[in-house]
Amino acid sequence: EVQLVESGGGLVQAGGSLRLSCAASGFSFDDYAIGWFRQAPGKEREGVACLKSSDGPTYYADSVKGRFTVSSDKAKNTVYLQMNNMTPEDTGVYYCVADFSIYESSWHVPGSFDYWGQGTQVTVSS
């Protein structure tokens with residue numbers, strides 16, 4: 001059974017940093033794509049970053065390029081999202097996601113991922 005458990009959310013001031021963690025179980029990082037989505041109040045879920053297998057390419061939303069970094073630790077079965085220089089527009093619930101196979105053209109589409117964590121709240125104050 002695939003399980004994803006996020007942690008690390010919280011309140012941060014604009015310009016600050018947070019690191020989210022996602023403890024994964026039930027699958028191998030070598031075979032799965034794993035990433036992060038977020039949902040701001042009143043908005044649709046959007047793809048933030050994705051790691052296509054443990055040694056594969058990474059994808060980022062334009063809004064976070066240069067500020068966010070997704071990485072994985074295979075030994076710990078954990079995926080991280082390092083978020084720097086944060087802005088109030090980064091506020092939302094962040095979800096860890098995983099799936100066996102995704103296409104580069106649709107990594108940012110929520111329907112591309114079958115497995116979702118419960119989410120962790122991130123709030124950036126101005």
Closest heavy-atom pair, Gly119 versus Val93, reported as atoms and distance to 0.1 Å, is CA-CG1, 3.8 Å
For a 4.5 angstrom cut-off between non-hydrogen side-chain atoms, does Phe100 reach Asp31? yes
Side-chain donor or acceptor of Ser112 paired with backbone N/O of Ser106 under 3.5 Å: yes
Rounded to the nearest 0.5 Å, what separation is found between the CG atom of Leu51 and the OG1 atom of Thr69? 11.5 Å
Looking at every non-hydrogen atom in both residues, tell me the closest pair between Asp99 and Asp114 and how far apart they are. OD2-N, 2.7 Å
Between Ser126 and Pro88, what is the shortest heavy-atom contact and its length? CB-CG, 3.9 Å
Would you indicate whether the side-chain heavy atoms of Glu6 and Leu4 approach each other to under 4.5 Å? no
Test item: Thr78 side-chain N/O and Lys76 main-chain N/O as donor-acceptor pair under 3.5 Å: yes
Going by side-chain hydrogen bond (donor to acceptor under 3.5 Å, both in side chains), name the pairs with one or both residues in residues 12-29, residues two or more places apart or in two chains. Ser17-Asn84
Which pairs count as disulfide bond (SG atoms under 2.5 Å apart) when at least one residue sits in residues 90-126, sequence neighbours excluded? Cys22-Cys96
Least distance between heavy atoms, Ala98 atom then Phe27 atom: CB-CZ, 3.9 Å
Name each donor-acceptor pair under 3.5 Å that joins a side chain in residues 35-46 to protein atoms two or more places apart or in another chain, with its distance.
{"unit_1": "Arg38", "atom_1": "NE", "unit_2": "Glu46", "atom_2": "OE2", "d": "2.6"}
{"unit_1": "Arg38", "atom_1": "NH1", "unit_2": "Asp90", "atom_2": "OD1", "d": "2.9"}
{"unit_1": "Arg38", "atom_1": "NH1", "unit_2": "Tyr94", "atom_2": "OH", "d": "2.9"}
{"unit_1": "Arg38", "atom_1": "NH2", "unit_2": "Glu46", "atom_2": "OE2", "d": "3.1"}
{"unit_1": "Arg38", "atom_1": "NH2", "unit_2": "Ser63", "atom_2": "OG", "d": "3.4"}
{"unit_1": "Gln39", "atom_1": "OE1", "unit_2": "Arg45", "atom_2": "NE", "d": "3.1"}
{"unit_1": "Gln39", "atom_1": "NE2", "unit_2": "Lys43", "atom_2": "O", "d": "3.1"}
{"unit_1": "Arg45", "atom_1": "NH2", "unit_2": "Tyr95", "atom_2": "OH", "d": "3.4"}

List the atom of Cys50, the atom of Phe113, and the distance in Å for their closest heavy-atom pair. SG-CZ, 4.0 Å
